[in-house]
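The structure appears right after this line, and notes come after that.
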Protein chains: 2
Amino acid sequence: MNMQTRTPASSPADNGYGFSDRIQRQLEHAAHLCAGQGGRMTPQRRDVLGLILTATTPVGAYDLLEQLKTSGRKPAPPTVYRALDFLLEHGLIHRIERLSAFVPCTHLQHDHPHDHSHGPAETCLHSAQFLICRSCGGVTEIADAPRVLDVLKSICGKKNFTMQSASVEVEGVCEDCAPATRGQKGPAPAPN
Amino acid sequence: MNMQTRTPASSPADNGYGFSDRIQRQLEHAAHLCAGQGGRMTPQRRDVLGLILTATTPVGAYDLLEQLKTSGRKPAPPTVYRALDFLLEHGLIHRIERLSAFVPCTHLQHDHPHDHSHGPAETCLHSAQFLICRSCGGVTEIADAPRVLDVLKSICGKKNFTMQSASVEVEGVCEDCAPATRGQKGPAPAPN
DNA sequence: GAACTAATGTAATATTATTACATATCATTG
DNA sequence: CAATGATATGTAATAATATTACATTAGTTC
Ligand SMILES: [Zn+2]
Ligand SMILES: [Zn+2]
Ligand SMILES: [Zn+2]
Ligand SMILES: [Zn+2]
């Protein structure tokens, strides 16, 4: 048996994704988080999370699959979907329903390497709110979500509906892209 | 111009879905609504809407396809998806992203046959909020949505994000199903 | 190390959705 | 009415997303 307790990172043969230092720190942070929840951050899961963290826009399952193939292994869909399920369950990523694609939980992005009291598990597991830009494809996780959740909770309370998870997805044009689309046809006004 | 304004109903050969009187009234209402928007309620679209109105839970595109086959025609996927696109654009149905399935806009369900001032186009086009029951599969469109939308608008305002559409989907257990699941394992507490 | 559990590999298939192009239907107008 | 152009539908093929079932491997416990 391997005494070296080889670090549960990408295997020597395929850690060639060249994850930046910043992302490697985030991956370590994530590993600690799910360790605390009794989860194991395996190489597969780590690679998938790393790829999602690296991307600037939501990543689809088959995009991940393609990228993973460039590495040593030749994974099939179940491999990716299993890794995604794990990451979702541990609050490390979110699924954008409208895009059938995945983004990292924003709490991983902000470096607070040892602040486990503010982990995703407590703040946004099973519930998240997003702004999706149609122009650049960027997705922003809304930080001041409690207000939205409070309204939803109050509505559910009135209807005796037991909320287990909730997703809010707003589609439109982000601040950076607004100038580009201005004057062309003008984005539709907000609903209602 | 056609004076007879021949009713855009299912063609004689295939109106055998047996839509109830109530649903036929809703279909007529819908026809008026989209006529007002310059849209044509063709037999295909009418049949698809009728099937969605008839179902008690969200209906998938391929479910619709199967049901349509029992009628005279032998439609293919594009037929259904085109009808769905039309109905979505005219605010007559909504897509539940989490289920890849479709429900009627609740404004069609409440009979107000001639009140076009309160049509879907004005109240919920491009934006809707739902409670999805995991137990019975039922979906409820939230009526007092303005509060949710107001919070979202305020958030978007702060971030200079131009909202074009928004969807809110809350998953959990509805009032009717709560007794059934009580004591088994208990639904997870609400997020946050 | 045996036994158990968790994770991964593998092949096949299921489900949802779109593309591209041909045909038909409807409204307008000469 | 015939020609036209726009809208809608038919059809075949394929793309994109996701799951099932079962075999194998790796980690953990005893
Ligand atoms: Zn999050
Ligand atoms: Zn943008
Ligand atoms: Zn509606
Ligand atoms: Zn229910």
Side-chain angles (χ1 to χ4, degrees), chain A residues 1-14 31 34-35 37-49 58-69 71-90 95-102, chain B residues 1-14 31 34-35 37-49 58-69 71-90 95-102:
Chain A
M1 188 167 283
N2 198 336
M3 281 296 91
Q4 297 237 110
T5 307
R6 77 170 163 173
T7 56
S10 299
S11 67
D14 62 9
C34 55
Q37 301 170 38
R40 283 160 53 192
M41 180 61 88
T42 65
Q44 307 263 19
R45 293 163 175 173
R46 190 185 144 99
D47 288 352
V48 168
L49 180 55
V59 199
Y62 279 74
D63 283 346
L64 292 167
L65 198 50
E66 281 309 305
Q67 295 190 257
L68 289 171
K69 277 179 183 162
S71 185
R73 286 159 295 191
K74 317 132 192 81
T79 302
V80 170
Y81 281 102
R82 283 189 286 232
L84 291 170
D85 286 346
F86 174 89
L87 298 171
L88 285 170
E89 280 163 13
H90 288 79
R95 178 188 159 93
I96 309 294
E97 300 292 342
R98 288 183 170 217
L99 305 177
S100 296
F102 303 84
Chain B
M1 190 169 285
N2 196 338
M3 282 296 95
Q4 298 236 117
T5 308
R6 87 162 155 172
T7 56
S10 299
S11 68
D14 62 9
C34 54
Q37 301 171 38
R40 283 160 53 192
M41 180 62 90
T42 65
Q44 308 263 18
R45 294 163 175 174
R46 191 185 145 99
D47 287 352
V48 168
L49 180 55
V59 199
Y62 279 75
D63 284 346
L64 291 167
L65 198 51
E66 282 309 306
Q67 295 190 257
L68 289 170
K69 277 179 184 163
S71 185
R73 286 158 294 191
K74 316 133 193 81
T79 302
V80 171
Y81 281 102
R82 282 190 284 231
L84 291 170
D85 286 346
F86 174 89
L87 298 171
L88 284 170
E89 279 163 14
H90 289 79
R95 178 188 159 94
I96 309 294
E97 300 292 341
R98 287 183 170 217
L99 305 177
S100 295
F102 303 84

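For clarity, every value in this text was computed on a predicted model and none was experimentally measured. Reminder, nothing fancy here: chain letters follow the sequence lines and each chain counts from 1.
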Quick check for you: among dA17(C), dT10(C), dA8(D), whose closest atom lies nearest to any side-chain atom of Ala76(A)? dT10(C)
By nearest nucleotide on DNA chain D, pick out whichever of Ala61(A) and Gly38(B) is the more 5' one. Gly38(B)
Between dA24(C) (C1') and Lys74(B) (NZ): distance, integer Å: 15 Å
Contact check, residues 77-87 of chain B vs DNA chain D, heavy-atom distance under 4.0 Å, returns Pro78(B), Thr79(B), Arg82(B)
Report the residues that fulfil side-chain contact (heavy atoms from CB on, under 4.5 Å) with Ala31(A), sequence neighbours left out, ordered by chain and then residue number. Met41(A)
note: Arg45(A), atom CZ; dT8(C), atom C1'; distance rounded to Å ~ 10 Å
Counting only N and O atoms by type, is there a donor-acceptor contact under 3.5 Å from the side chain of Arg73(A) to the main-chain atoms of Leu68(A)? no
By nearest atom, which of the nucleotides dA6(C), dT8(C), dT10(C) is closest to the Arg40(A) side chain? dA6(C)
Roughly how many Å is it from CD in Glu89(B) to C1' in dT7(D), rounded to a whole number? 13 Å
Atom CZ of Arg73(A) and atom P of dT10(C): how far apart are they, to the nearest Å? 12 Å
Option passing side chain to side chain contact (heavy atoms under 4.5 Å, CB included) with Leu84(B) (candidates Leu64(B), Leu49(B), Val59(B)): Leu64(B)
Please name the pair of heavy atoms, one in Tyr62(B) and one in Pro77(B), separated by the smallest distance, quoted to 0.1 Å. OH-CG, 3.4 Å
Whole-Å distance between dA8(D) P and Arg46(B) CZ? 17 Å
Set of ring-ring contact (aromatic ring centres under 6.0 Å, His included) partners for Tyr81(B), sequence neighbours left out: none
Of all the heavy-atom pairs spanning Leu99(B) and Pro58(B), show the shortest one and how long it is. CD1-CG, 3.8 Å
Nearest-Å distance, CZ (Phe102(B)) to P (dT15(C))? 16 Å
Excluding sequence neighbours, so at least two apart, what forms side chain to side chain donor-acceptor pair (under 3.5 Å) with Glu97(B)? Arg95(B)
Distance in angstrom units between Leu68(A) CG and dG9(C) P, rounded: 10 Å
Side-chain-base donor-acceptor pair under 3.5 Å for Tyr62(B) and dA17(C): yes
Rounded interatomic separation in angstrom, taking CG from Leu65(A) and P from dT19(D): 14 Å
